[in-house]
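One structure is given here, and the rest of the page talks about it.
Lettering of chains follows the sequences in order, A, B, ..., and the numbering in each one begins at 1.
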Amino acid sequence: MVRVVLSSSMAELTGGVREVELAVGNYRELTLTLCERWPQMAALIERSAVAIDGQIYQDAFAEALASGSEVFFMPRIEGG
Amino acid sequence: MAEAVDYKQIGTTPVRPDGFDKVTGRAQFGADVNLPNMIHGKVLRSPHAHARIKSVDVSAALAMPGVYAAISGADFPGGRLEGEAGGEGGGTMDDVAKNVMARNKVLYHGHAVAAVAASTVRLAEQALEAIKVEYEVLDPILDVVAAMDPAATLVNEENYTALPEKPESPSNIANVGRLERGNLDEGFMAADVVVEREFTCPMAHQGYIEPHACIASIDERGRGTVWCSTQGHFEHRAATSKMLGKNMADLKFVATEIGGGFGGKTVVYLEPLATLLSEKSGRPVKMTMSREEVFRATGPSSATVARVKVGLRKDGTITAAQSWIAFEAGAFAGAPYMPGAMSIYAPYEIENFLVETFDVLVNKPKVAAYRAPGAPQAMHAFECALDEAAQLLDMDPIDLRMVNAADEGTQSPYGPKFPPIGFKACLQAAKKHPNYTKPVPEGAGRGVAVGFWFNVGMQSSAEVNINENGSVMIIEGSPDIGGSRASMCLMAAETLGIDYDDVRAQVGDTESTGFCNVTGGSRTTFATGMAVTQACEAVIADCKRRAAMTWGLDEDQVEWEDGQAIPGPGVNADVKPLSLAELARKAGKTGGPITARASLNAQGAGAAFSVNFGDLRVDRETGKVDVLSYTAIQDAGKAIHPAYVEGQMQGGAAQGIGWALNEEYIFDDKGVLENAGFLDYRIPVASDLPMIDTEIVEVPNPSHPFGVRGVGETPIVAPLGVCANAVSRSLDMRITDLPMSPPRLLEAIEG
């Protein structure tokens, strides 16, 4: 199972649910599963960065996830 | 995983490739490009901070001899633009278009209302006076806290706070950020000491020396070229083409040499205007801003009001932290409210915390990214509160930070666990630095503060061409602001195993190389450097293939060492090594020119931490502050070119000290900026500052082939806290408002 921690803005869509555990093998499956459960999530996922096991991805797509992986959604950062 | 490696090129400090042209005046900056039949564009700017535009009439200007074109908001395509602009808090493309040229309302003093192009600059300025604009003047809202009141004057009647459920009423609050963990009440109950204060930071400009400038040459088909001073010509092309309803393939953007940006040149201002004026006039149109225009209508950073409460145990452990920060966005949404929330506690492991941040519209210029946007303001507040706590606990401020310091595996306040980071190494380096172990000079105060920035990767492209003599030409798409061409050449030379002097790099235009995001987010040496390295690795693979072909060996029997192909271990071949130059000379026989390219979306930019300290003394009669010494320590992962890393650290320190001590936008009650020039907006000059001492810490970033972390933004974060803490200690009173200019300090001293 992959531990997924949603951002605070995502939690407003999920009725306060901040963490879910999903049986997925890659990031694409993870996002599809989240959008299936909360259809409005797609736009927020598009605007989010994500950290997979501590590594920050501004644009993750199909990165492999192992059992025990931790995925954190977070706001995108661009900088100056 | 990058380990300590004995590099031959990386870590050396050659003079940057553009250095000679810059010191001899040959370098072409934005305003240096001239074309035959060129005319000049100027912008009419709003005299009001807030007004409805009832009408704009450019006919009298157009009728003047020598005036070739005049435009206003009505000349731009209608309809709402989709998408977002680049740069931190760039905002929506629709807002950026309305910032480039006002439509129904002007939202700050200096907002563009119309533009003309004429045969001379003087004639263009005269033509502006002939444009008739009717305004219905409205009250401006200028104070960020007042703007948050539901009853406040609205900057934009169509702005609703972005919440999952659309609020019933519009508001000046565009966005709200919130991060929390643990239980605040329990955390504060466990504290032996609690510090609670309100801090303010002023709006400050990036202060780049080169004003915005561009020249556009558009033909009868609407196609052409734009030369501009920019941090990202690909994103400027995208924004310009979108605003004008053009196919981006019809516009070529060329990045000229750039005289500073610091985030402020991730934004378009003039390019769409020059493009439209050129298209209408059939002439190349050059536009340059005056310094006054730069101050009134570009940049700046967000002003903030920050309320911070922190509780600590006697041993220095932070038990709870609570912060509330209002960021001024200016006239359009896009303040760095979220990076501020994410950075404020980033250096520390804190069990219980809450931070709430707000992106608030006011009738001031739309803010733009400025080095580590949001972090200096947020961390100034928290670092000052921690310093006061250290005094109350009678602890060394570095020791207090070490007690709470984040390390590899610490869960960051914004979510993920940190990979290897160099914060503790920076604290250790600071504690034993000779500038820290020496006594504080009499009458001075020593301030300590830390800095942090995430850094980003994003998209980059690079091409490596091997010339016929084996020398190397790199074409990359990242405008070079801080000497990145030197870093690209060093990484290419290291990878290929050749001398730095045999490598050249140039920034290609939008038709010469693949897409690159802006030079921002401290990403260029990290991400574009990775693309260059990958392209060089592809060159090596190709060279090994060609050598194998030459020797009649299999490809896997050839290795690459010190810039030449050699038979691998155990391969019985009586051949001489083939250098890159020899392979290049025979390239025609082995498959044609040797060239390779790489494009990527770089992930895993490692966060950069810093520790700064300085000794500052206040003249109690005048309020003037002298910076007696200043030391900046930062983790660079691996310094590709240490001198230019030091330059980033010193430049960021100088800008942060300026923000702390003197720089601020001063508006009158009508929203008119009263100090729109370098005489009245005082940035530090060389005689104001001591030598900024530096120490580079290197904790390699495992996501980069050489261990690189971005270094450009973190250096501006800590100085605000350093200066405030030093001045507060020297005066034995807490100074919470920046800048600590002489009149402000005198007021505090006199009670």
Side-chain angles (χ1 to χ4, degrees), chain A residues 2-21 26-28 30-31 34-35 37-66 68-80, chain B residues 84 86-90 162-165 176-180 206 231 261-264 266 301 336 338-339 341-342 368-373 408-409 411-412 414-419 453-459 517-518 520-523 601-607 702-703 710 712-713 716:
Chain A
V2 173
R3 177 174 173 245
V4 183
V5 182
L6 304 174
S7 66
S8 52
S9 52
M10 288 172 164
E12 289 172 13
L13 283 181
T14 63
V17 174
R18 285 299 300 268
E19 283 191 36
V20 289
E21 297 221 329
N26 63 45
Y27 180 73
R28 185 169 171 276
L30 184 151
T31 56
L34 288 177
C35 293
R37 198 175 296 182
W38 295 289
Q40 286 176 289
M41 190 77 86
L44 284 178
I45 290 174
E46 185 66 27
R47 291 206 302 270
S48 295
V50 65
I52 301 172
D53 296 329
Q55 170 101 303
I56 296 175
Y57 295 77
Q58 297 289 326
D59 297 286
F61 182 65
E63 281 67 18
L65 300 171
S69 283
E70 286 188 325
V71 175
F72 284 85
F73 284 95
M74 52 189 277
R76 287 175 68 88
I77 295 290
E78 194 155 323
Chain B
E84 302 207 347
E88 192 67 62
L163 297 171
E165 297 289 331
V176 179
R178 183 183 177 93
L179 296 174
E180 58 188 321
Q206 291 81 347
Q231 288 181 239
F262 312 110
T266 58
S301 67
M338 216 52 233
M342 293 161 71
Y370 183 16
R371 271 183 143 154
E408 182 178 358
Q411 189 176 5
S412 69
Y414 49 89
K417 289 177 181 161
F418 283 118
W453 188 246
F454 312 87
N455 300 327
V456 298
M458 307 204 299
Q459 299 177 76
N517 280 118
V518 295
S522 307
R523 66 173 218 91
N601 189 347
Q603 313 295 349
S703 301
E713 293 174 282
I716 201 174

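- Here the side chains of A:Arg76 and B:Met338 are not in contact, with every heavy-atom distance at 4.5 Å or above.
- Neither the backbone nor the side chain of B:Val176 comes within contact range of chain A; no heavy atom of the residue lies under 4.5 Å from a heavy atom of that chain.
- Not one N or O on the side chain of A:Gln58 forms a donor-acceptor pair closer than 3.5 Å with the backbone of B:Asn601.
- The part of B:Phe454 that comes within reach of chain A is its side chain, from C-beta onward, which places non-hydrogen atoms under 4.5 angstrom from that chain.
- Looking only at side-chain heavy atoms (C-beta outward), B:Pro419 and A:Gln55 stay at 4.5 Å or farther from each other.
- Heavy atoms closer than 4.5 Å to chain A are found in the side chain of B:Gln411, but not in its backbone.
- Heavy atoms of B:Glu165 lying under 4.5 Å from chain A are absent altogether.
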Check the pair B:Met458 / A:Glu78 against side chain to side chain contact (heavy atoms under 4.5 Å, CB included), numbers first and verdict last. CA-CA 9 Å; B:Met458 307 204 299; A:Glu78 194 155 323; 3.6 Å; yes

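- A donor-acceptor contact shorter than 3.5 Å links the side chain of A:Ser8 to the backbone of B:Arg178.
- For B:Gln231, the part lying under 4.5 angstrom from a heavy atom of chain A is the side chain only.
- With hydrogens and angles disregarded, no donor-acceptor distance shorter than 3.5 Å links the side chain of B:Gln603 to the backbone of A:Ala60.
- In terms of non-hydrogen atom pairs under 4.5 Å with chain A, the most contact-rich of B:Gly261, B:Gly521, B:Gly520 is B:Gly521.
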Checking side chain to side chain contact (heavy atoms under 4.5 Å, CB included) for the pair A:Ile77/B:Met342: CA distance, chi angles, key distance, verdict? CA-CA 10 Å; A:Ile77 295 290; B:Met342 293 161 71; 4.0 Å; yes

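- Interface summary for chain B: among A:Ala49, A:Pro75, A:Ser7, the most heavy-atom pairs under 4.5 angstrom belong to A:Pro75.
- Most heavy-atom pairs under 4.5 Å with chain A, from the set B:Glu713, B:Glu180, B:Arg371: that is B:Glu713.
- In terms of non-hydrogen atom pairs under 4.5 Å with chain A, the most contact-rich of B:Ala369, B:Gly263, B:Pro416, B:Ala372 is B:Pro416.
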